[in-house]
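All ligand and atom numbering here is 1-based and tracks the order in the structure. Everything quoted here is computed from the prediction, not taken from an experiment. These numbers come from the heavy atoms of this one structure, side chains and all, not from hydrogens, waters or symmetry mates.
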Amino acid sequence: PRVVVHLDMDAFYAAVEVREDPSLRGKPVVIGHRGRRGVVSTCSYEARRFGVRSAMPSVTAERLCPSAVWLPGRMALYVAVSHRIREILERHSPLVEPLSIDEAFLDLTGIARDLADGGRIAAVIKREIRERERLTASAGVAPNKFLAKLASDLEKPDGLVVFPLEDVRSRLWPLPVERLWGVGPKTAERLREHGLSKVVDLVNAPAGRLARIVGEGSAEHLLALAHGRDDRAVEAGREAKSISEERTYGEDLTRPADVDKALLARADGVARELRHEGLVARTVHIKVRTGDFETVTRAKT
Ligand code: TTP
Ligand code: MG
């Protein structure tokens, strides 16, 4: 059996800011730009108690938590911290797959004797991150990626959950279907319309029922996950698959000429980055968000 760790930093940008300015400790801290156009990048756990969440419009966050300290965010600093954390992970396994700026999978198969030993190594990693970077992380240790990622989220912040296959029934089955990898809001809605709202409902559904709702391929995939099975390998050195740039504007862009100008500026930034990396692109995506936070995307290959 494999030993896979998923590690995710707690309230990452906000935690870095609190570390840099200890007077912020214990306070609701929000990273983002205030005002009508802003959205929340993330916030401290103190702010989450007021209901503030990532991707929420800033006006909503300001209403929920008027006392919050707002900071614009410092990307270069977070990237530097992220690189140092990755170095810590890479000292424990040659197989590290970064997923985003603050999370990664580690394969400890052949390094840890068993899951419990994987848990011990995860605790060492967490301690090193705490000592070197003065930041907390949450880790999940499981026989595969899906369960490891699920586990790292169960006891956030500063969590460490070892999740053996035997725990699937007690800890995965009661969860909502959204927790299965690949179930977005639309699929979840469809499943719920058929009375399937929890993972256990999928497991207990009569054979063929799920396939009629989501199609045969998806049904097979979802049932495998529901039973805690996931064969995806941890892939080291997987490179970024896309380059993008986005900007939020202080005022609505209402004239087509202004939209064109803004789009050209974003395209220019992306093209510069592509040239810098010596790459060409296969597919171009455009994402537009309207004043009432509706998002439209289009792609052309
Ligand atoms: P997350 O790991 O999703 O969030 P988090 O680390 O802030 O909090 P948690 O303890 O729940 O893991 O994202 C990592 C960072 O990515 C986050 O600190 C800020 C950034 N981010 C955004 O800028 N916008 C977003 O919508 C999300 C979800 C994250
Ligand atoms: Mg995180």
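Of all the atoms in ligand 1, the ones that sit under 4.0 Å from a non-hydrogen atom of Tyr45 are 9 (P), 10 (O), 11 (O). When each atom of ligand 1 is checked for a heavy atom of Phe12 under 4.0 Å away, the hits are 5 (P), 6 (O), 7 (O), 18 (O). Interface atoms of ligand 1 facing Arg48, defined by a heavy-atom separation under 4.0 Å, are 5 (P), 7 (O), 8 (O), 9 (P), 10 (O), 11 (O).
Taking atom 12 (O) of ligand 1 as the reference point, the nearest protein heavy-atom neighbour is Asp8 OD1, 2.9 Å. Regarding atom 6 (O) of ligand 1, its nearest protein heavy-atom neighbour is Asp102 OD2, 2.8 Å. In terms of protein heavy atoms, atom 4 (O) of ligand 1 is closest to Thr42 OG1, 4.3 Å. Considering only non-hydrogen protein atoms, atom 24 (N) of ligand 1 sits nearest to Ser41 O, 3.3 Å. Considering only non-hydrogen protein atoms, atom 18 (O) of ligand 1 sits nearest to Tyr13 N, 3.0 Å.
Here's the thing with Ile101: none of its N/O atoms is less than 3.5 angstrom from an N/O atom of ligand 1. No N or O atom of Val40 sits closer than 3.5 Å to an N or O atom of ligand 1. Residue Met9 has at least one nitrogen or oxygen atom sitting less than 3.5 Å from a nitrogen or oxygen atom of ligand 1, judged on distance alone.
Aromatic ring pairs are classed by plane angle as parallel below 30°, tilted from 30° to 60° and perpendicular above 60°; the pair His221 and Trp181 is perpendicular.
In this structure, Arg171 does not pair ionically with Glu166, as no charged nitrogen and carboxylate oxygen lie closer than 4.0 Å. Using a 4.0 Å cut-off between charged nitrogen and carboxylate oxygen, Lys149 and Asp8 do not count as a salt-bridge pair. A salt bridge does not link Glu46 to Lys27: none of the charged side-chain nitrogens sits closer than 4.0 Å to a carboxylate oxygen. Contact check on Glu251 versus Arg36 returns a salt bridge, with a Lys/Arg side-chain nitrogen under 4.0 Å from an Asp/Glu carboxylate oxygen. A salt bridge links Arg255 with Asp258: at least one charged nitrogen is closer than 4.0 Å to a carboxylate oxygen. Ion pairing between Lys198 and Asp201 fails under the 4.0 Å rule for side-chain N and carboxylate O. Contact check on Arg34 versus Glu62 returns a salt bridge, with a Lys/Arg side-chain nitrogen under 4.0 Å from an Asp/Glu carboxylate oxygen. Salt bridge annotation for Glu246-Lys287: present, with a cationic side-chain nitrogen under 4.0 angstrom from a carboxylate oxygen.
Among heteroatoms of the N, O or S kind in Asp8, OD1 lies nearest the Mg ion (ligand 2). The atom of Asp102 nearest to the Mg ion (ligand 2) is OD2, with the search restricted to N, O or S atoms.
Taking CD1 of Ile31 as the start and OG1 of Thr42 as the end, the distance is 7.5 Å to the nearest 0.5 Å.
The proximity of Glu17 to ligand 1, defined as any non-hydrogen pair under 4.0 Å, does not occur for either the backbone or the side chain.
Taking 2.8 Å as the criterion, Ser138 does not count as a coordinating residue of the Mg ion (ligand 2), since none of its N, O or S atoms falls below it.
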